[in-house]
K.L.:
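Dumping the structure here so I can ask a few things about it.
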Amino acid sequence: MIIELEEWSATGPLELTAKQVRALTSHDAFVIRPHSERLGQWSLGARHKVGAIMVEGLEIRIRPKVAVPTLLALLTEAVGRIEFDDDEVQFAESDQLLPILAGAFCHYAESAIRLGLLQGYQTAHEALLAVKGRLNLSAQVSRRAGMTLPVEVTHDEFTTDIIENRILAGAVQVLMAQPSVVEQHQLRLMRLRRRLDGVAPTRPSSSPPSVVTTRLNVRYADALTLARLILSAGALEDGEERKLPGTGLLVDMNRLFEDVVGAGLRRSLEALGGSVRFQDVRPLDVDGFTTIRPDLVCLVDGRPVAVIDAKYKLPTTRDIANSDIYQVLAYAARYELADVHLIYAEEPDRKRLQVGNVTIHLHHLDIGSSSTERNLSCQAISEKIFAPIRLDEGRLIA
């Protein structure tokens, strides 16, 4: 059964089994509740994640609100900029993220390994019948005391089983498990897997390993950018990194929006001599009983001058969540600030809220706009945020 949704939309009525309901309930990507008009049936809503997932026989595809080429460019910008060729990547073939991401990865991975797989030296620890490399005396004593053979040795091996190839192999493995990847791309992925035979694939993780680009691996750069994105999106975990049921590839739009806002504001502030601290974890109360973690804290000479939270929501006057207001008021109290800032993905219909002595400023950043427009918006927001701070020869003074 295939269910298609757009982010922040709902569908129903649906006939679901008890196992399906339990599995969907455990995912923060969905809201599931009894249908209001059909007894025994369900309504399923998508939240802030897009992509595709297979759960208990259900294939759920969630379309992003922004155009897929824009979304893919934003995603890769967070881990390494890629200039996509529309003809090669074939953006127009689908409005779903996963098929286009699979096609883009195949293109760049095939280009990366066209001249052969990268090789490098890896340290190996083995038990052999003859000495090769260096004797591992501690392992020999602890594991084979009194034995002459086999010999515990350590040696360097020139191999294709290196981190660059492992990351590519991990992305291939994630994509091949996705039912919404079309047959054409599945065949290309199978060929890539054969080329990467003998390479241990990296497992999906919210923090996949990074690779420093050098002259030796520069041809892998774009493929690795996409591969790390795939490994990150393929890690289906909750906040405590508990493995969730199902297989899939979901992109957290909340996190993406925070990254876009953070990158844009960091550029603007650093041009004035300031700095940005992301996800600044601090105790809220004097005893450290509870903590806070604002998305962005802007500093000048190490002193906090502005606190910002990015919200990928649809705000209106009546629907701005009380929790958003309480959250930034706590930040204002903790950092002793008279002004705090909320940045939304869609434009709110008011510019500020006054709560006692604290002014809550409401801003808008459209992530569906072009890169140039986003940069101009971030610059304008930065100017509003730092307007109360005195400038001395173009630099911020705390």
Side-chain angles (χ1 to χ4, degrees), residues 66 70-71 73-81 253-282 292-315 320 324-325 327-355 357-398:
V66 301
T70 302
L71 175 59
L74 288 169
L75 289 167
T76 56
E77 191 171 346
V79 289
R81 183 68 176 167
M253 296 298 292
N254 283 348
R255 183 174 175 181
L256 173 62
F257 187 62
E258 291 171 12
D259 290 343
V260 172
V261 170
L265 294 184
R266 178 171 57 190
R267 286 191 294 268
S268 300
L269 182 59
E270 287 179 349
L272 295 171
S275 60
V276 171
R277 186 180 295 155
F278 295 91
Q279 302 293 326
D280 187 36
V281 180
R282 296 278 184 99
I292 56 173
R293 188 175 63 180
D295 293 333
L296 299 167
V297 177
C298 304
L299 306 102
V300 175
D301 296 329
R303 175 187 167 187
V305 296
V307 178
I308 304 158
D309 237 35
K311 302 294 182 183
Y312 187 70
K313 296 180 179 180
L314 310 179
I320 294 176
D324 294 353
I325 305 302
Q327 191 175 35
V328 291
L329 286 174
Y331 298 161
R334 174 61 179 82
Y335 290 93
E336 300 180 349
L337 297 172
D339 297 85
V340 287
H341 303 268
L342 286 167
I343 301 180
Y344 287 97
E346 294 201 13
E347 189 167 7
D349 57 5
R350 60 172 58 192
K351 300 299 182 184
R352 65 184 59 84
L353 295 171
Q354 191 70 35
V355 183
N357 295 325
V358 177
T359 303
I360 302 171
H361 300 270
L362 308 178
H363 308 276
H364 166 232
L365 180 64
D366 181 9
I367 62 172
S369 60
S370 68
S371 176
T372 300
E373 292 171 331
R374 289 197 308 275
N375 288 336
L376 290 173
S377 294
C378 285
Q379 184 177 343
I381 291 171
S382 296
E383 291 171 357
K384 292 177 182 177
I385 289 174
F386 305 120
I389 303 171
R390 185 168 60 89
L391 295 179
D392 183 9
E393 296 181 353
R395 295 180 64 82
L396 292 172
I397 302 298

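Positions are given from 1, in the same order as the sequence printed here.
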K.L.:
Mind checking salt bridge (Lys or Arg N to Asp or Glu O under 4.0 Å) for Arg352 and listing every partner two or more places apart, or none if nothing turns up?
P.N.:
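Not a single residue meets the salt bridge (Lys or Arg N to Asp or Glu O under 4.0 Å) criterion with Arg352.
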K.L.:
Tell me, do Phe278 and Arg266 make a side-chain contact under 4.5 Å, heavy atoms counted?
P.N.:
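Yes, close enough: below the 4.5 Å cut-off.
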K.L.:
Contact between Asp366 and Glu373 at the side-chain level, heavy atoms closer than 4.5 Å - yes or no?
P.N.:
no
K.L.:
What do the steps show when you test Leu71 against Met253 for side-chain contact (heavy atoms from CB on, under 4.5 Å), and what is the final call?
P.N.:
CA-CA 9 Å; Leu71 175 59; Met253 296 298 292; 3.8 Å; yes
K.L.:
Does Ile308 form a side-chain contact (heavy atoms from CB on, under 4.5 Å) with Cys298? I'd like the steps, not just the answer.
P.N.:
CA-CA 8 Å; Ile308 304 158; Cys298 304; 3.7 Å; yes
K.L.:
When rounded to the nearest 0.5 angstrom, what distance separates NE2 in His341 from CD1 in Ile360?
P.N.:
10.5 Å
K.L.:
Return the minimal non-hydrogen interatomic distance between Ser369 and Thr70, and the atom names on each side.
P.N.:
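Nearest pair, atom of Ser369 first, then Thr70: O-CG2, 4.3 Å.
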K.L.:
Val261 vs Ile381, test: side-chain contact (heavy atoms from CB on, under 4.5 Å). Steps then yes/no.
P.N.:
CA-CA 10 Å; Val261 170; Ile381 291 171; over 6 Å; no
K.L.:
Please check if atom CZ in Arg255 has more than 12 non-hydrogen atoms from other residues, nucleotides or ligands closer than 6.0 Å.
P.N.:
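Open.
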K.L.:
To the nearest 0.5 Å, what is the distance between CD1 (Ile367) and CD (Glu346)?
P.N.:
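Between atom CD1 of Ile367 and atom CD of Glu346 there are 9.5 Å.
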K.L.:
Would you mind reporting whether Leu337 and Tyr331 have side-chain heavy atoms less than 4.5 Å apart?
P.N.:
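Result no, sub-4.5 Å side-chain heavy-atom pair not found.
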K.L.:
Please report the closest heavy-atom contact between Leu299 and Val276, naming both atoms and the distance.
P.N.:
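So the minimum-distance heavy-atom pair works out to CD1-C, 4.4 Å.
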K.L.:
Taking all non-hydrogen atoms of both residues, which atom of Ala332 and which atom of Val358 are closest, and how far apart?
P.N.:
CB-CG1, 3.9 Å
K.L.:
If you compare all heavy atoms of Cys378 against all heavy atoms of Gly264, which two are closest, and at what distance to 0.1 Å?
P.N.:
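Nearest pair, atom of Cys378 first, then Gly264: SG-CA, 3.6 Å.
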K.L.:
Please tell me if the side chains of Leu256 and Tyr312 come closer than 4.5 Å, counting only heavy atoms from C-beta onward.
P.N.:
no
K.L.:
Looking only at heavy atoms, which two atoms of Pro348 and His364 are closest? And how far apart?
P.N.:
CD-CB, 4.1 Å
K.L.:
Taking the side chain as every heavy atom from C-beta outward, state whether Leu74 and Asp259 have any pair of such atoms under 4.5 Å apart.
P.N.:
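In short, these two side chains do not touch, never coming nearer than 4.5 Å.
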K.L.:
What is the minimum heavy-atom distance between Leu365 and Ser377, and which atoms define it?
P.N.:
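In terms of heavy atoms, the two residues are closest at CD1-CB, 3.4 Å.
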K.L.:
Side chains of Gln354 and Thr359, heavy atoms from C-beta outward: is any pair under 4.5 Å?
P.N.:
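Of all side-chain heavy-atom pairs linking Thr359 with Gln354, at least one is under 4.5 Å.
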K.L.:
Working to the nearest 0.5 angstrom, can you tell me the gap between Ile325 CD1 and Leu362 CG?
P.N.:
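Result: 6.5 Å between the selected atoms.
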K.L.:
Keeping Asp280 on the side-chain end and Val297 on the backbone end, is there a donor-acceptor pair under 3.5 Å?
P.N.:
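No; judged by distance alone, with no hydrogens or angles, the pair does not exist.
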K.L.:
Quick one: does His363's side chain get under 4.5 Å of Lys384's, heavy atoms only?
P.N.:
yes
K.L.:
What pairs with Asp309 under salt bridge (Lys or Arg N to Asp or Glu O under 4.0 Å), at least two apart in sequence or on another chain?
P.N.:
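Applying salt bridge (Lys or Arg N to Asp or Glu O under 4.0 Å) to Asp309 gives Lys311.
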K.L.:
Would you indicate whether the side-chain heavy atoms of Val340 and Tyr335 approach each other to under 4.5 Å?
P.N.:
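Side-chain contact under 4.5 Å: no.
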